[in-house]
Amino acid sequence: MLRGLYGAASGMITQQRQQEALSNNIANANTPGYKADQTAIRAFPELLIQQSGGGNTIPTTQGGFNIPLSRQLGGMNTGVYVQETIPHFAQGDLVESGLPTDVAIQQREVPDETGAIFFSVQNEDGDVRYTRNGNFTIDAEGYLVTNQGYYVLDEDGNNIQTDGTVDTITPEGVIPTEGGDVTLGTQYVADVNTLTKEGNDLFQGDGEAVPADADYVLQQGTLEQSNVNTEQAMTDMMNAYRLFESNQRVLRVYDESLGKAVTEVGRLG
């Protein structure tokens with residue numbers, strides 16, 4: 001009986017975490033460059049149930065020993081769990097914003113099936129991180145920064161000084177400034193599944209220079225929208241809620257059965 005109780009409880013926990021991931025996706029549906037999270041649900045390792053002993057034995061011809069008779073009854077799963085949350089890196093729609101500091105990566109083709117191109121930025125600790133959110137602005141000191149205030153880096157890994165304005169960003173990422181042309185830093189990640197989400201549209205991982213055969217352009221005055229499908233996310237959320245309720249009812253039945261076993265079955269007289 002307790003096996004069923006544990007299975008129902010694990011199902012409720014799994015659907016709760018599924019709901020949390022879907023809620024976060026919907027909350028960021030309007031966040032430029034946001035990549036939707038997908039949950040990977042796995043079953044606990046299957047247990048092999050085997051009957052052994054029980055008084056039944058097989059006689060042997062040597063030594064007069066009897067071997068206990070056993071037989072396999074089958075497998076049993078004891079529940080499910082959320083193994084990991086994986087970002088979905090499909091490109092979102094490109095929408096014109098009209099702001100000269102906004103820029104989007106239009107990625108057409110890359111050498112690796114799981115590869116993607118990112119902007120390189122510097123977080124508050126001075127470490128290099130990656131983002132697809134090109135909603136940039138200029139801070140009080142004239143540096144190009146993200147909407148969270150992180151410095152946008154050039155191709156050499158330096159902060160970009162704009163002299164207070166950005167008039168042009170070429171499809172190659174070149175920004176003309178008084179001190180000379182500066183090129184936006186873009187990095188290539190061959191396997192996006194190795195990246196770790198940090199929040200604030202940042203990813204941590206190892207990047208490299210964009211391969212020469214990668215086909216992409218940068219579009220000024222344009223933003224890449226979130227790749228969240230809100231209609232599908234709402235449908236999945238309702239499905240997760242129904243599954244949570246189903247497991248909850250199963251758990252309640254087991255609880256009532258245990259209560260009867262304690263208060264009625266064991267009663268004397």
Side-chain angles (χ1 to χ4, degrees), residues 28 30-35 87 89 91-92 94-108 110-111 115-192 194-227:
N28 286 279
N30 294 322
T31 301
Y34 177 81
K35 301 305 177 186
F89 283 93
Q91 177 155 351
L94 302 185
V95 179
E96 291 187 6
S97 68
L99 298 177
T101 53
D102 286 343
V103 59
I105 298 174
Q106 184 180 9
Q107 179 176 302
R108 300 191 183 100
V110 291
I117 300 168
F118 297 84
F119 297 111
S120 56
V121 301
Q122 185 182 71
N123 67 6
E124 64 271 13
D125 297 324
D127 299 322
V128 177
R129 295 293 183 262
Y130 306 116
T131 185
R132 290 283 294 211
N133 187 349
N135 184 205
F136 301 147
T137 187
I138 300 173
D139 68 6
E141 298 177 350
Y143 287 101
L144 189 67
V145 297
T146 69
N147 56 2
Q148 301 291 338
Y150 304 132
Y151 288 113
V152 180
L153 303 179
D154 64 14
E155 59 182 352
D156 297 322
N158 301 316
N159 301 342
I160 298 176
Q161 174 57 250
T162 66
D163 305 316
T165 183
V166 171
D167 296 323
T168 303
I169 300 178
T170 70
E172 295 76 28
V174 178
I175 305 174
T177 66
E178 293 181 2
D181 292 348
V182 178
T183 303
L184 275 172
T186 52
Q187 291 284 305
Y188 178 70
V189 179
D191 185 2
V192 294
T194 62
L195 295 175
T196 303
K197 251 187 180 182
E198 281 195 353
N200 294 329
D201 301 323
L202 299 184
F203 294 92
Q204 178 184 359
D206 296 325
E208 59 187 24
V210 179
D213 56 344
D215 185 10
Y216 78 103
V217 294
L218 303 183
Q219 293 190 7
Q220 184 182 18
T222 305
L223 287 176
E224 178 185 359
Q225 297 300 295
S226 164
N227 66 357

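Note that these values count all heavy atoms, side chains included, but never hydrogens, waters or copies made by symmetry.
Looking at heavy atoms from C-beta onward, Asn147 lies out of side-chain contact with Thr137 at the 4.5 angstrom threshold. Looking only at side-chain heavy atoms (C-beta outward), Asp139 and Tyr151 come within less than 4.5 Å of each other. The shortest side-chain heavy-atom distance between Leu218 and Val103 falls under the 4.5 Å cut-off. Between Thr146 and Asn135 the shortest side-chain heavy-atom distance does not fall below 4.5 Å. Annotation: side chain of Ile160 is in contact with side chain of Leu184 (closest heavy-atom distance under 4.5 Å). Ile175 places a side-chain heavy atom less than 4.5 Å from the side chain of Thr177. Taking the side chain as every heavy atom from C-beta outward, Gln220 and Pro100 approach each other to under 4.5 Å. In this structure the side chain of Asp213 reaches within 4.5 angstrom of the side chain of Pro111, judged on heavy atoms.
Within the 3.5 Å criterion, the main-chain N or O of Ile138 finds no donor-acceptor partner in the side chain of Tyr143. Asn133 places a side-chain N or O within 3.5 Å of a backbone atom of Pro32 that can act as its donor or acceptor partner. Of the possible donor and acceptor atoms, one in the side chain of Thr170 sits under 3.5 Å from a partner among the backbone N and O of Val174. Within the 3.5 Å criterion, the main-chain N or O of Leu94 finds no donor-acceptor partner in the side chain of Gln225. Within the 3.5 Å criterion, the main-chain N or O of Gly173 finds no donor-acceptor partner in the side chain of Thr183. Without hydrogens or angle criteria, Thr101 side chain to Phe136 main chain gives a donor-acceptor distance under 3.5 Å. Formation of a donor-acceptor pair under 3.5 Å by the Gln187 side chain with backbone atoms of Ser120 is not found in this model. Distance alone, capped at 3.5 Å, places no donor-acceptor pair between the Glu96 side chain and the Gly98 backbone. No donor-acceptor pair under 3.5 Å is formed between the side chain of Asp156 and the backbone N or O of Asn158. Panel note: side chain Thr31, backbone Tyr34; no donor-acceptor pair is recorded below 3.5 Å.
Once rounded to the nearest 0.5 Å, the distance linking CD of Glu155 with OG1 of Thr186 reads 8.5 Å. Here the NZ-CG distance, from Lys35 to Leu195, works out to 11.5 Å after rounding to the nearest 0.5 Å.
Between the side chains of Asp102 and Ser97, a donor-acceptor pair is found at a separation under 3.5 Å. Side-chain atoms of Arg132 and Gln107 include a donor-acceptor pair closer than 3.5 Å. With 3.5 Å as the limit, one finds a donor-acceptor pair spanning the side chains of Gln106 and Gln219.
Taking the six-membered ring where the residue is Trp, Phe118 and Phe89 present perpendicular rings, their angle passing 60° and hence far from 30°.
In terms of the side-chain hydrogen bond (donor to acceptor under 3.5 Å, both in side chains) criterion, Gln204 has no residue partners (sequence neighbours excluded).
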Go through the steps to decide whether Val110 and Ile117 satisfy the test side-chain contact (heavy atoms from CB on, under 4.5 Å), and finish with yes or no. CA-CA 8 Å; Val110 291; Ile117 300 168; 4.1 Å; yes
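Within a 6.0 Å sphere centred on CD of Glu178, other residues, nucleotides and ligands contribute 12 heavy atoms or fewer.
For the pairing with Gln122, the side-chain contact (heavy atoms from CB on, under 4.5 Å) check across Val145, Val152, Asp127, Asn159 returns one residue only, Asn159. Partner of Tyr150 under the side chain to side chain donor-acceptor pair (under 3.5 Å) criterion, chosen from Asn123, Asp201, Thr131, Asn200: Asn200.
Annotation for Tyr130 and Gly205: closest pair CE1-O, 3.3 Å, computed over non-hydrogen atoms.
A salt bridge does not link Glu124 with Arg129: every distance from a Lys NZ or Arg NE/NH1/NH2 to an Asp or Glu carboxylate oxygen is 4.0 Å or more.
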